[in-house]
Amino acid sequence: MNPPLAPTALPGHLPSCDVAVVGAANMDIMVHTATGLAASDSNPGRILCAPGGVGRNVAENLARLGLRTRLFSVVGDDVFGQALLMATRQAGVDVSPVRVVGGASSPSYLAWHGADGDMLAAVNAMGLLDQLTPDALREQGYPPAQARMLVLDCNLLPSVFESVLETASAPVFVDAVSVVKCEKVRPWLHRIHLLKMNQREASVLSGQPIHAVGDALQAARTLHQAGVRQVVISLGAQGACWCDEQGRTGHRPATPVEVVNTAGAGDALLAGLVLGCALD
């Protein structure tokens, strides 16, 4: 059984499709060390900055895959904000709906990765995203009438989920983002077309511990029974599990690769699932 919505290969041309993405745009500050974290001391390593944010990352991936994509987000008028807009625009995303707040610091996210490429710790400074209210979205032209699909990330305010999911006429794809933030979608599971989570997020939302592939399959089935049409749970080195619209579950192992950095991997997965829907 193939994963839901996953394309086997990109076609020579894509169908006409507009995607509206509502979510975070922030500057990622990535710290890499060859050893573990030595507390209360200076740790030798590398520090890199790159455009990030779950919503922004998904939008960039979709644009690079050939879909017309519009991003609804908020940034400051600082250097980070200017860089975020420029990089996202150059990737092909329509950033005209992004609100720029004068005198504000753009959202940022610092992640510390160890020698194995996986994350040791992270700090997010995402307070500016709270200014992306339902009223602000309407002022920015949301919802776009031509959008065939909507993508939300769980960095958004609960009021935004309520406003969008109560009225959405297009399929809604949601990224759970984190264990804490994924709780925002619990009242709206029945309105979600596809929910993408990692193992820990799926355990919280399903109320079931996940230690093995079989546990993840049961959690996916539970969330489908709670109203989500399609569920995808990423399991790192164990691949991914899913439950499709008919309630059928499946698992695909991951292709073994050398892990360099896990940042943005889940965002790329969600973009691929959205593309699969566009090709369906």
Side-chain angles (χ1 to χ4, degrees), residues 1-7 19-24 53-59 61-62 147-210 213 215-236 238-252 264-278 280:
M1 178 180 173
N2 289 326
L5 308 180
V19 184
V21 180
V22 187
V54 174
R56 196 216 67 85
N57 289 348
V58 173
N61 276 283
L62 290 173
R148 272 191 54 201
M149 288 176 287
L150 307 175
V151 179
L152 308 178
D153 76 40
C154 284
N155 288 299
L156 300 167
L157 291 169
S159 59
V160 173
F161 277 99
E162 179 179 2
S163 175
V164 172
L165 290 170
E166 273 192 338
T167 60
S169 57
V172 179
F173 295 71
V174 175
D175 191 294
V177 176
S178 75
V179 168
V180 173
K181 295 179 179 180
C182 69
E183 286 285 357
K184 299 174 186 178
V185 300
R186 190 179 296 278
W188 304 103
L189 295 177
H190 63 291
R191 298 286 293 174
I192 297 174
H193 181 80
L194 187 146
L195 176 61
K196 195 280 296 178
M197 301 160 288
N198 64 23
Q199 178 176 336
R200 295 178 65 218
E201 295 154 1
S203 179
V204 167
L205 280 175
S206 68
Q208 301 171 204
I210 298 177
V213 169
D215 300 330
L217 292 171
Q218 181 56 47
R221 187 180 300 111
T222 296
L223 289 165
H224 171 71
Q225 292 169 347
V228 185
R229 290 181 65 183
Q230 299 191 80
V231 178
V232 177
I233 303 173
S234 60
L235 300 171
Q238 291 183 289
C241 292
W242 64 85
C243 185
D244 66 15
E245 294 185 60
Q246 287 73 44
R248 298 172 299 191
T249 58
H251 167 247
R252 174 164 290 182
D267 308 337
L269 171 59
L270 181 57
L273 295 165
V274 175
L275 175 66
C277 183
D280 192 33

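Count residues from 1 along the sequence. For clarity, every value in this text was computed on a predicted model and none was experimentally measured.
Side-chain contact between Val204 and Val180: absent, with no pair of heavy atoms (C-beta onward) separated by less than 4.5 Å. Counting only heavy atoms from C-beta outward, the side chains of Leu270 and Val54 never approach each other to under 4.5 Å. Side-chain contact between Cys154 and Val174 is present, with heavy atoms from C-beta onward closer than 4.5 Å. Looking only at side-chain heavy atoms (C-beta outward), Leu223 and Met197 come within less than 4.5 Å of each other.
Between atom CG of residue Leu205 and atom CZ of residue Arg200 there is a gap of 12.5 Å, rounded to the nearest 0.5 Å. For the atom pair Leu156 CG and Ser163 OG, the distance stands at 11.0 Å (nearest 0.5 Å). Atom CD of Gln218 and atom SG of Cys241 lie 11.5 Å apart (nearest 0.5 Å). Atom CD of Glu166 is separated from atom CZ of Phe161 by 13.5 Å, given to the nearest 0.5 angstrom. To the nearest 0.5 Å, atoms SG (Cys243) and CD1 (Ile233) are separated by 9.0 Å. In this structure, Cys182 SG and Asp153 CG are separated by 12.5 Å, a value rounded to the nearest 0.5 Å.
The two atoms that bring Ser206 and Thr222 nearest to each other are O-CG2, 4.1 Å, heavy atoms only.
Listed by first then second residue, pairs satisfying salt bridge (charged side-chain N to carboxylate O under 4.0 Å, His left out) with a partner in residues 174-190 read Asp175-Lys196, Glu183-Arg186, not counting sequence neighbours.
His193 places no side-chain N or O within donor-acceptor distance of the main-chain N or O of Leu150, the cut-off being under 3.5 Å. Here the side chain of Ser203 pairs a donor or acceptor atom with the backbone of Gln208 at under 3.5 angstrom.
In this view, Arg229 and Glu245 satisfy the salt bridge (Lys or Arg N to Asp or Glu O under 4.0 Å) rule, not counting sequence neighbours.
Screening Asp244, Leu217, Val231 against Thr249 for a side chain to side chain contact (heavy atoms under 4.5 Å, CB included) leaves a single residue, Leu217.
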